[in-house]
Amino acid sequence: SVICSDKTGTLTQNKMTVTDIYINHTVVKPESLKLTEPLHRIFLYNAILNNDASVQMKKEIYSYNSESLTCNDRPILPIMGEFHFSRYPEEEWKTALKKMQQGGVDIVATYVFWIHHEETEGEWDFSGRRNLKAFLNCCQEAGMKVWLRIGPWAHGECRNGGFPDWLVEKEKRGKRSLRTDDPQYLKYVDLFFTKIAEQADGYMHKDDGPVIGIQIENEYGHAGGPSDREEGMAHMRTLRVMAEKKGLTAPYFSATGWG
């Protein structure tokens with residue numbers, strides 16, 4: 001096991017200068033090691049691995065201020081990349097995440113496309129490549145943080161922006177006003193968020209899971225949504241409250257920055 005401490009390297013402007021590495025209490029030079037992970041990742045983990053294989057890691061506390069995102073009161077500038085789990089064969093998720101990490105990506109952002117999980121009203125499918133729980137578990141095993149984009153409207157070049165056809169048809173018949181605080185629409189959203197929460201249970205950051213961020217809606221006020229700004233803001237607040245009541249909580253909540 002590798003024992004890392006602040007004494008073994010100095011991180012300055014994304015450049016790592018490493019003098020010594022301690023392996024089982026023995027000092028070795030970095031050039032003598034053949035590592036399967038980039039050396040900077042080992043040090044950024046800030047972990048101490050003891051001989052008994054127990055791991056002592058400082059709890060990551062994510063926040064933000066007027067200048068940056070922070071982790072344990074230190075400014076961070078993470079790189080986030082997009083990966084839509086339901087569009088990719090589940091047996092290839094692990095390899096894809098590994099490639100993202102090797103490219104320097106720290107956080108994977110992923111949509112939960114409603115139409116992929118309830119194509120027919122009342123018939124839910126979280127199997128195979130649609131298995132959100134399995135994908136979140138894969139991210140946790142890979143050490144990849146997650147920004148979960150729960151919609152309910154997503155866009156992402158998906159038909160109806162990710163809304164199921166049957167839901168869109170209800171709006172066409174004048175029975176629902178989608179992407180608003182229409183109580184009839186929110187009843188369907190409530191069930192959708194319930195299903196997401198069931199899949200994501202145990203994978204939120206508060207549970208030591210990989211989900212550190214949640215995005216509600218997408219391009220709201222720019223691609224759809226009410227023209228009245230106050231009405232739109234009220235709906236966004238409604239969606240956040242609904243998500244949090246289901247246990248979908250994270251250090252960061254976000255929405256696209258236009259509209």
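Small disclaimer: the values here were computed from a predicted structure and weren't measured.
Between the E198 side chain and the K133 main chain, no donor and acceptor come within less than 3.5 Å of each other. Checked by atom type and distance alone, the side chain of E171 pairs as donor or acceptor with a backbone atom of L178 at under 3.5 Å. Checking side-chain atoms of D182 against main-chain N and O of Q184 turns up a donor-acceptor pair under 3.5 Å. Judged purely by atom type and a 3.5 angstrom limit, N65 uses its side chain to pair as donor or acceptor with the backbone of E67.
Separation of the F163 and F192 ring centroids does not fall under the 6.0 Å cut-off. Between W147 and Y252, the gap from one ring centroid to the other is short of 6.0 Å.
Taking 4.5 Å as the limit, some side-chain heavy atom of P152 sits within range of a side-chain heavy atom of F193. Put simply, the side chain of I216 reaches to within 4.5 Å of the side chain of M236, judged on heavy atoms. H116 places none of its side-chain heavy atoms less than 4.5 Å from the side chain of R129. Counting only heavy atoms from C-beta outward, the side chains of V112 and L148 approach each other to under 4.5 Å. M242 is listed as a side-chain neighbour of L186, based on a closest heavy-atom distance under 4.5 Å. E90 places none of its side-chain heavy atoms less than 4.5 Å from the side chain of N131. Contact of the R229 side chain with the M233 side chain is registered, since non-hydrogen atoms from C-beta on lie closer than 4.5 Å. Considering only heavy atoms from C-beta on, H155 comes within 4.5 Å of E157 through its side chain.
For the pairing with K246, the side chain to side chain contact (heavy atoms under 4.5 Å, CB included) check across D190, I196, D201 returns one residue only, D190. When the options R237, R179, R240 are evaluated for a salt bridge (Lys or Arg N to Asp or Glu O under 4.0 Å) with E217, the one that passes is R179.
R87 approaches G156 most closely through the heavy-atom pair NH2-O, 2.8 Å. Considering all non-hydrogen atoms of both residues, I214 and M204 come closest at CD1-SD, 4.3 Å. When all heavy atoms of C138 and L97 are compared, the closest pair comes out as SG-CD1, 3.8 Å. In terms of heavy atoms, D208 sits closest to Q140 at O-NE2, 3.1 Å.
Atom NZ of K94 sits in a sparse spot, with 12 or fewer heavy atoms from other residues, nucleotides or ligands closer than 6.0 Å. R159 CZ: 12 or fewer foreign heavy atoms inside a 6.0 Å radius. Residue E82 places its CD atom among more than 12 non-hydrogen atoms of other residues, nucleotides or ligands, all under 6.0 Å distant. Enclosure of atom CD in E91 by more than 12 non-hydrogen atoms of other residues, nucleotides or ligands within 6.0 angstrom is indicated. In the displayed structure, D228 atom CG is contacted under 6.0 Å by more than 12 heavy atoms of other residues, nucleotides or ligands.
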Which is it for Y62 and I76 under the side chain to side chain contact (heavy atoms under 4.5 Å, CB included) test, yes or no, and what are the steps along the way?
CA-CA 10 Å; Y62 290 96; I76 57 173; 4.0 Å; yes
Just do the side chain to side chain contact (heavy atoms under 4.5 Å, CB included) check on H205 and E60 with the steps written out, would you?
CA-CA 9 Å; H205 178 68; E60 294 172 329; 4.1 Å; yes
Tell me, with the steps shown, if K170 and E121 meet salt bridge (charged side-chain N to carboxylate O under 4.0 Å, His left out).
CA-CA 11 Å; K170 290 180 185 295; E121 184 176 359; 3.6 Å; yes
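No continuous path of hydrophobic side-chain contacts links F83 to I212 [ILVMFWY only; heavy atoms under 4.5 Å]. In the hydrophobic clustering of this structure, W124 groups with L248; members are Ile, Leu, Val, Met, Phe, Trp, Tyr whose side-chain heavy atoms approach within less than 4.5 Å, directly or through other members. Hydrophobic clustering (side-chain heavy atoms under 4.5 Å, transitive across Ile, Leu, Val, Met, Phe, Trp, Tyr) groups L191 together with L132. Under the 4.5 Å side-chain heavy-atom criterion for grouping Ile, Leu, Val, Met, Phe, Trp and Tyr, V146 is not connected to L69 through any hydrophobic cluster. Hydrophobic clustering of Ile, Leu, Val, Met, Phe, Trp and Tyr side chains at less than 4.5 Å, counting indirect connections, unites L167 with L239.
Atom OH of Y220 sits about 11.5 Å away from atom OG1 of T256, to the nearest 0.5 Å. The CZ atom of R130 lies 12.5 Å from the CD atom of E118; values are rounded to the nearest 0.5 Å. Rounding to the nearest 0.5 Å places OG1 of T120 at 10.0 Å from CD1 of I115. One distance of note links NE2 of H235 with OG of S177; it measures 9.0 Å at 0.5 Å rounding. Taking CG of D125 as the start and NE2 of H117 as the end, the distance is 8.0 Å to the nearest 0.5 Å. To the nearest 0.5 Å, atoms SG (C158) and NE2 (H84) are separated by 9.5 Å.
Donor-acceptor pairing under 3.5 Å is recorded for the side chains of R149 and Y111.
Partners of D181 according to the salt bridge (Lys or Arg N to Asp or Glu O under 4.0 Å) rule, which considers only residues two or more places apart in sequence or in another chain, do not exist here.
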